[in-house]
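Structure first, then comments.
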Amino acid sequence: MLGATNLMRSHTQTSHIRLKRTFVVVTVAREKFITPGPKKDTKKQKKIKFDPTDELWKSDINLNEDITKALGGVALLEKERKSGDPFKQRAYENAIYIITSYPARIISGAEAKKLQGIGSSIANKIDEILKTGTCESLKEKQEDAELFETFSQVFGVGPVAAKRFVDKGYKSISDLANDPDLTDMQRLGIKYVDDFKLMIPKVEAQGLIHYVQDVLKELSPAYIGIACDGHRRELSETNSLYMAITHPNYTSSPSTDPGRLLLDLTDALTDLGFLTDHISSGILKYWVRWESIEGSTI
DNA sequence: AAGACGTCGCATTCCC
DNA sequence: GGGCATGCGA
DNA sequence: GTCTT
């Protein structure tokens, strides 16, 4: 039985001197990851339920782009104003997604309200959008909302920090670098802000996986390390790499202490110069940044 | 009217 | 210094 | 913010 799950995240960037890549490793060992609990079956058919697999919802173009665009703006404002209520945020995203897929032109808020996921608040906004072409609330603090979104792109910057940066009057990500209260994670996020956005081609991902597997095997032939997620699913490129690492001595049932299972690996990879910036480090979870050495065969 | 909306490891802050 | 709450990412 | 109880 799989006892530990490692996650890696890798990105690439080209500079004139050398290739740069970021790399994140995470381990998690919890039985619930392996045997997920029973799924709740909540079905009520009063409202029209959105089903992306249903032919009925197949729409190549968004017939309600004016509505979804305006709602997107409102959602942004809401995010900034409340410093990000994740549920409200999701509610907006869900509604926008549904309306985008809706295979007909919406002519009233009431029509939209028939859809599951759209209630009276959004229905009212739709009426306003249809009538005036925009939303009154959209006229306020649009710039702040956009800055909030920009800052949120930085790794380590969530809704709270993003709001704080907006309130401090920062206008760009480069302004953040001077902030005295940055966490280590945010410093890395700023430093590698472009790096984190890049994708890793499959071939390269394979090389990285094999490299780690080789190091693993040297530590102990019994170690097991397999690729997970995107790379495992044979995607042509990924923006992150995940690996599950375990050892026969480490089982999740009954639970055993993983001990140095992960640290031995990350120590070795660090000694090799494979890993550089450490984002976080624990017994079960480890994140690092990796930077390749010029001339590396990877 | 009020709770659910996924959950958890790690970093950091806050509080005692 | 230990325990708890918060922020964050996944 | 929407849905459910």
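As the structure is a prediction and not an experimental result, all values here were calculated from the model. Within every chain, numbering begins at 1; the chains are lettered A, B, ... in the order of the sequence lines, protein sequences first and strands thereafter.
Nucleic acid contact class of A/K125 (heavy atoms, under 4.0 Å, all strands): sugar-phosphate only. At the heavy-atom level, A/V74 lies nowhere under 4.0 Å from the strands shown. In this structure, A/D184 reaches the sugar-phosphate backbone alone: every heavy-atom distance under 4.0 Å involves primed, P, OP1 or OP2 atoms, never a base. At the heavy-atom level, A/A161 lies under 4.0 Å from the strands shown only through sugar-phosphate atoms. Looking at heavy-atom distances under 4.0 Å, A/Y92 makes contact with sugar-phosphate atoms alone, never a base. When heavy atoms are screened at a 4.0 angstrom cut-off, A/L115 is found touching the sugar-phosphate backbone but no base atom.
Base pairing analysis places C/dC4 opposite nothing; no Watson-Crick or G-U wobble pair with both distances below 3.5 Å involves it. In this structure, B/dG6 forms no base pair with any nucleotide, since neither Watson-Crick nor G-U wobble geometry is met with both distances under 3.5 Å. Base pairing annotation: B/dT13 forms no Watson-Crick or G-U wobble pair, as no partner gives both donor-acceptor distances under 3.5 Å.
The side chain of A/P159 approaches C/dC8 more closely than any other nucleotide in the set C/dC8, B/dC10, D/dT2. Checking C/dG9, D/dT2, D/dC3 against the side-chain heavy atoms of A/F155 singles out C/dG9 as nearest. Closest to the side chain of A/K47, from the set B/dG6, D/dC3, C/dG7, is D/dC3. Looking at the side chain of A/V160, the nearest of the listed nucleotides C/dG7, B/dC5, D/dC3 is C/dG7. If you check D/dG1, B/dG6, B/dT12 against the side chain of A/T183, the one that comes closest is B/dT12.
Rounded to whole Å, atom P of C/dC8 lies 13 Å from atom CG of A/D181. Distance, A/K113 NZ to D/dG1 P: 13 Å, rounded to whole Å. Distance CG (A/L77) to C1' (D/dG1): 15 Å, rounded to an integer number of Å. The interatomic distance linking A/I279 (CD1) with B/dG9 (C1') rounds to 14 Å, in whole Å. Between A/D229 atom CG and C/dG9 atom P the separation is 18 Å, expressed in whole Å. Atom CE in A/M185 sits roughly 15 Å away from atom P in B/dG9 (whole-Å rounding). Note: CG (A/L188) to P (B/dC10) measures 18 Å, nearest angstrom. With rounding to whole Å, A/R90 atom CZ is found 16 Å from D/dG1 atom P.
The closest side-chain heavy-atom distance from A/I200 to A/E237 is not below 4.5 Å. Counting heavy atoms from C-beta on, the side chains of A/N239 and A/L198 never come closer than 4.5 Å.
A/K171 and A/D175 are not joined by a salt bridge, as no carboxylate oxygen comes within less than 4.0 angstrom of a charged side-chain nitrogen. In this structure, A/R105 does not pair ionically with A/E111, as no charged nitrogen and carboxylate oxygen lie closer than 4.0 Å.
Atom CD of A/Q142 is surrounded by more than 12 heavy atoms from other residues, nucleotides or ligands within 6.0 Å. Heavy-atom contacts from other residues, nucleotides or ligands closer than 6.0 Å to CZ of A/R232 number 12 or fewer.
One P atom belongs to B/dG6, the other to D/dC3, and the distance between them is 15 Å to the nearest Å. Here, D/dG1 and B/dC10 have their C1' atoms 30 Å apart, quoted to the whole Å. Taking the P atoms as reference points, C/dG9 lies 22 Å from B/dC5, given to the whole Å. Comparing the same atom, P, in B/dA4 and in B/dC8 gives a spacing of 15 Å after rounding to whole Å. With both ends at atom C1', the span from B/dT12 to C/dG2 equals 15 Å, rounded to whole Å.
Of the side-chain N and O atoms in A/Q186, none sit less than 4.0 angstrom from OP1 or OP2 of C/dG9. Checking the phosphate oxygens (OP1, OP2) of D/dT2, no side-chain nitrogen or oxygen of A/K88 falls inside 4.0 Å.
Across A/Q186, A/K168, A/R187, a single residue satisfies side-chain hydrogen bond (donor to acceptor under 3.5 Å, both in side chains) together with A/D179, and that is A/K168.
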